[in-house]
Structure formats: structure tokens, C-alpha cells
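To find a chain, count down the sequence lines: A is the first, B the second, and so on, and within it residues start at 1.
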Protein chains: 2
Amino acid sequence: MGLTFEKLNVPAAYQVVSREIRRIIVSGELKPGDHLPSEAELAEQFGVNRSTVREGIRQLENDGFVRREGRKRLYVSVPTSSDLAPRASRALIMHQVTFKELWEVARVLEPACAALCATNRSAAQGDAIQENIVHTRHMLANAMWSTELDTQFHSLIAEGARNSALLLSREPVGLLLYPAFEMLHPLLPQALGRMLAAHDKIATAIAAGDAGEAELWMRKHIVDFRRGWEMANLSLDVPVTLPGAISED
Amino acid sequence: MGLTFEKLNVPAAYQVVSREIRRIIVSGELKPGDHLPSEAELAEQFGVNRSTVREGIRQLENDGFVRREGRKRLYVSVPTSSDLAPRASRALIMHQVTFKELWEVARVLEPACAALCATNRSAAQGDAIQENIVHTRHMLANAMWSTELDTQFHSLIAEGARNSALLLSREPVGLLLYPAFEMLHPLLPQALGRMLAAHDKIATAIAAGDAGEAELWMRKHIVDFRRGWEMANLSLDVPVTLPGAISED
DNA sequence: GATAGTGGGTCTGTCCGACAATCGGATATC
DNA sequence: GATATCCGATTGTCGGACAGACCCACTATC
């Protein structure tokens, strides 16, 4: 009798509810914007208690597949990078991700974003980039600086690439890497000026639709970031810390 | 009276519970492996009902910050890419991500993985890659093929790069892109052979620790994938479909 | 003495019922 | 027609309940 049985994994009811609703959403049976039945109705249809349904819904809500505004009915929604990226960033923090690791990813993704942005951006997206530059220049002229502007510059370029996979891939990295600039620029006074100059070159190339030039300058910009980091005697292998923008949620 | 008030967003209690526990975990107050108090105890400490605590916990469970095996106590855990990637992949599906978009990301990330893998891989990781090649060769010799082997090959290389940010960035893309090969190889008989040849070159370069060569062949491999796609008259702009491996969970 | 049962305590998963706050829409009022 | 009011529907939260797992210490059996 060599007959053996695997340890069978009986999923909890709330997980089944969650998966089933998600399946219907991802498969397209329910389209974004569609309303889901009320909790009581779902409970009746699934033949479980409303509490069980509610626990299942929490998971979907967290993923961004369903949303509710206020205490109203649920509706189907497409998860955005702002739903997913902060969670990924937090996961990376727990993995004790280092500056070097983040930089290695940025070094290949950001130039790709810049190149695609130069060819694919909309007019409005181009304007937003220019506006970011103007803001940045204005801040620097007053000897001020906020890391959000830097993070935003790179996010805008990624959006301009019009590639949702690229956007989703780079966002968790961007949320952690660029705020680290906060540690760098007080130690390296010239860093802010160099940053603005690079942003300007990139934005100009994008405005001109010159993909090669945009890619090139973005690469220089990222490489320069690392060089600055090393010049400031900051360690490449120290785990990055959690920026406030993420911890809040 | 220009005084106006913003519409204030009162978070539900279960969300506060969720965020608070997550904060404690991400900040490091609770370390991976630590047990959380029981639901009843959490409810008492937070001063809310156990149902409310349970709803909050569901969200964390889904993110991979806490886990439970069977019906036992919760313990703190580090979210892995297998927690996060399938959700990101599903999100991309809902965004109707195209082959082209995925390919554009893979084109820059996969060569970077290969280059880093050549220098950073452990001995065991190198062996696993070799084993994958052997399996693949064996399958092809028997005129069989399973898309999982291809997906695995690229995942192994990404793991060998020892860069958690890189791993996390590419996984959602890999989960969608390589299964698409399933559509290609019946239309293009020579595709399987070319794939094996490329995998072999890459694995050899990695085994030799030659980062440049590994990167180069990986790039060729990815470019070849796209060329094959076009030769088979498959559209670059058609949204990719959901592979079974993800829909199951 | 080792092994197999036994029993209690704890915790999770699920259910039931309840109620206040809120929302949407219908209705009444001016 | 605009405004105020009421009513049903729905969510968020609560309290309590109970079966099934699980853990562990204890005991009975060989």
C-alpha cells in the first residue's frame, strides 16, 4: 500500500469569495465602473454570512480591484500604480534593499522611460514636464528644495512613455530612490545645480522628440547620482530608509 | 467669509487597525517570524470588535506582511515577489497591457539581470540554471514543450542577480510575457530551437562569469523574441491574455 | 518505557442578530 | 421650482455564539 495523500489545503471561505469576485473582475465579466451587488446580496448568492463576504472584499479593496467612495456601494476599478507601488516599496524596505540595488534598476529603466517619453508623450504631458522644471528652477533660486519635485519629474517622464508595464515597474523604485537625494544634497552643495541642469537637458530633448538624446542624458543623470553618492562618502550597501511619503499612505 | 473646509476623509476603523499593525511591522518593531497577539487580544488592545480587527488583518495578509499556516496564530513575514507579482500582473492585464509594452520593459531589464547574475550568482543558483537547460533540452528532444520552463529560466537568472528590486520589477512582466511564447512556437517551428540555443549561450556566459557576454546574448534573445512575434504575424499591440498560472493563484 | 489515546484550553473561521450613521431618492412644503 | 423632510437601503461596527483545529499535558495500554 504505497498510497499516500498530500496534505490538502482547504481555503477559507472568505478567500474563496475574494478569488471568485476577483476572477469575475479580471476576466472582464464585470467592467471597470460597474457596481457590485450589496454585501447582503453577495452573502446570499454565495451562501455565506455577510461577515465572510466583508473579509473577502477587504482583500480586493486593498489590491485596488474594487473601490468605494464614502459608505457607498462598491464598484469595479482598475488598480493604478499608486495602489501597487507603495506596497511594493514597503516590501523592498523590509527586504533591506540597498541604494545600489535601486540604482541598478533605475539605471536601465529610467533611460528607457526617457527615450519612450520623447516619442510617445502627449502635449499635456510635455507641458507638465516643463512646468516641473520651472518649479524646480524657482525653488532652487530661493535656495529651497523639496524631494517631491524630483520624484515627480521622473514619474512624469515615466507617464509620458505611455507604457503601463514600464510605469508599474519603475514606480516602487522611484519612490525609494529619489527621496534618498534628500540625504545627498546637503553634503554636496553642487548636486542640486547639476540635477537641474540634467533635468533641463532631458526635458529639452523630450520636447524636441529626440529619443536618443533623452536616453543619453537620463543615463548620465542617473550615473551622476551614484557618483555624487560616492563622493559624499555615503555607502552603496546601506539599506535605504522609509520616506515619509510612503509611511503615511 | 471665504472660509471653506475640505471634504474630510474619515478612515474606517478596520483601515486604522490595518495601517497601525503595518506601521509596526514595516518600522521593524515586530520582526519577521514574530507572532502577533491573538485576534481577541488585538481587539481588546485597540478597543474595537474582533470583527473589525479581522477585516484589518485581511489586508495585511493579502500584502504578505503577515502569514498564517493553517488556522494558527499570525506571524510577521516579509512579502516576497510571489506575493506581489501576480497582483501586479493582474493589474497589467486590466490595463490591457500589450506585447509591445511588456517587451519594452523586458528588453532593458532582462539583459541587466543576466549581467548581474554572471557576477553575483551563488553556486547553487548557477546549478539551477544549468539544470533548467538540461530539462529544456530533454523536453525539446522529445518534441515537447512547457512554457513554465521558459518562465523559470528567466526567473532563475533574475534571482541570480541578487537584487531584490530588480527581481520585484521584472517578475510581473515575466509572468505575462514568457507564457505568450505559447502562442508563438506553434506558428514558428524554428522558434524553440533558437530559444534553446540562446538560453545555452546565456547560461554558458553566466557560468563563465562573463557579464558582458551574458548581457549581450540576453539582449539578442529578447530581440529575437520580438522578431519571431512579428514574423508569425502576431500583433504587437494586442493586449496579452491571462496565463492560467496566474488565474489560479 | 514507548506509544497511543484523552481531555481541556486556546484560537480561528463562520454565523447570527442588532443598530447607528450615512446615502439616495421620493415626497411634502413653501 | 427650490427647499426641507422622510424613508428605505447599505455600510461600519458591535456583541455574542459555536464548531473545528490545534497545542500540550496527562494518562492508559502494551
*Does a salt bridge link B:Arg73 with B:Asp34, judged by any charged N lying under 4.0 Å from a carboxylate O?*
no
What donor-acceptor contacts under 3.5 angstrom involve side-chain atoms of residues 155-162 of chain A, with partners at least two apart or in another chain?
unit_1: A:Ser155; atom_1: OG; unit_2: A:Thr151; atom_2: O; d: 3.3
unit_1: A:Arg162; atom_1: NE; unit_2: A:Asn120; atom_2: O; d: 2.9

_Does a side-chain N or O of B:Ser51 approach OP1 or OP2 of D:dG12 to a distance below 4.0 Å, or not?_
no
*Are B:Arg67 and B:Tyr75 in a cation-pi contact, defined as NZ or CZ under 6.0 Å from the six-membered ring centre and within 45° of the axis?*
no
*Is there a donor-acceptor contact under 3.5 Å linking the side chains of B:Thr52 and B:Asn49?*
no
_Roughly what angle, to 10°, lies between the helix axis at the start of the helix from C:dG1-D:dC30 to C:dC30-D:dG1 and the one at its end, five pairs per end?_
10°
*Between C:dT12 (P) and A:Gln15 (CD): distance, integer Å*: 15 Å
*Would you indicate, yes or no, if D:dG15 has its OP1 or OP2 atom less than 4.0 angstrom from a side-chain nitrogen or oxygen of B:Asn49?*
yes
*Rounding to a whole Å, what distance do you find between A:Glu61:CD and D:dG12:C1'?*
11 Å
*Salt bridge A:Arg58-A:Glu61, side-chain N to carboxylate O under 4.0 Å*: yes
*Take the protein atom CD1 of A:Ile57 and the nucleotide atom P of D:dT13, then report the distance between them rounded to whole Å.*
14 Å
*Side chain of B:Val48: nearest nucleotide among C:dC16, C:dG13, D:dC14?*
D:dC14
*Would you confirm whether the ring centroid of A:Phe225 sits within less than 6.0 angstrom of the ring centroid of A:Phe99?*
yes
*Would you call B:Leu92 and A:Leu168 a side-chain contact if the rule is heavy atoms closer than 4.5 Å?*
yes
I'd like a list of close polar pairs between nucleotides 9-11 of chain D and the protein, N/O only, cut-off under 3.5 Å.
unit_1: D:dT11; atom_1: OP1; unit_2: A:Glu39; atom_2: N; d: 3.4
unit_1: D:dT11; atom_1: OP2; unit_2: A:Glu39; atom_2: N; d: 3.1

*Should the pair A:Trp145 and A:Phe181 be assigned to parallel (<30°), tilted (30 to 60°) or perpendicular (>60°) ring geometry?*
perpendicular
*Gap between atoms NE2 and C1', on B:His35 and D:dC22 respectively (whole Å)*: 13 Å
_How many whole angstroms separate atom CZ of A:Phe46 from atom C1' of C:dT14?_
16 Å
*Using 30° and 60° as the class limits, which term best fits the ring planes of B:His199 and B:His154: parallel, tilted or perpendicular?*
perpendicular
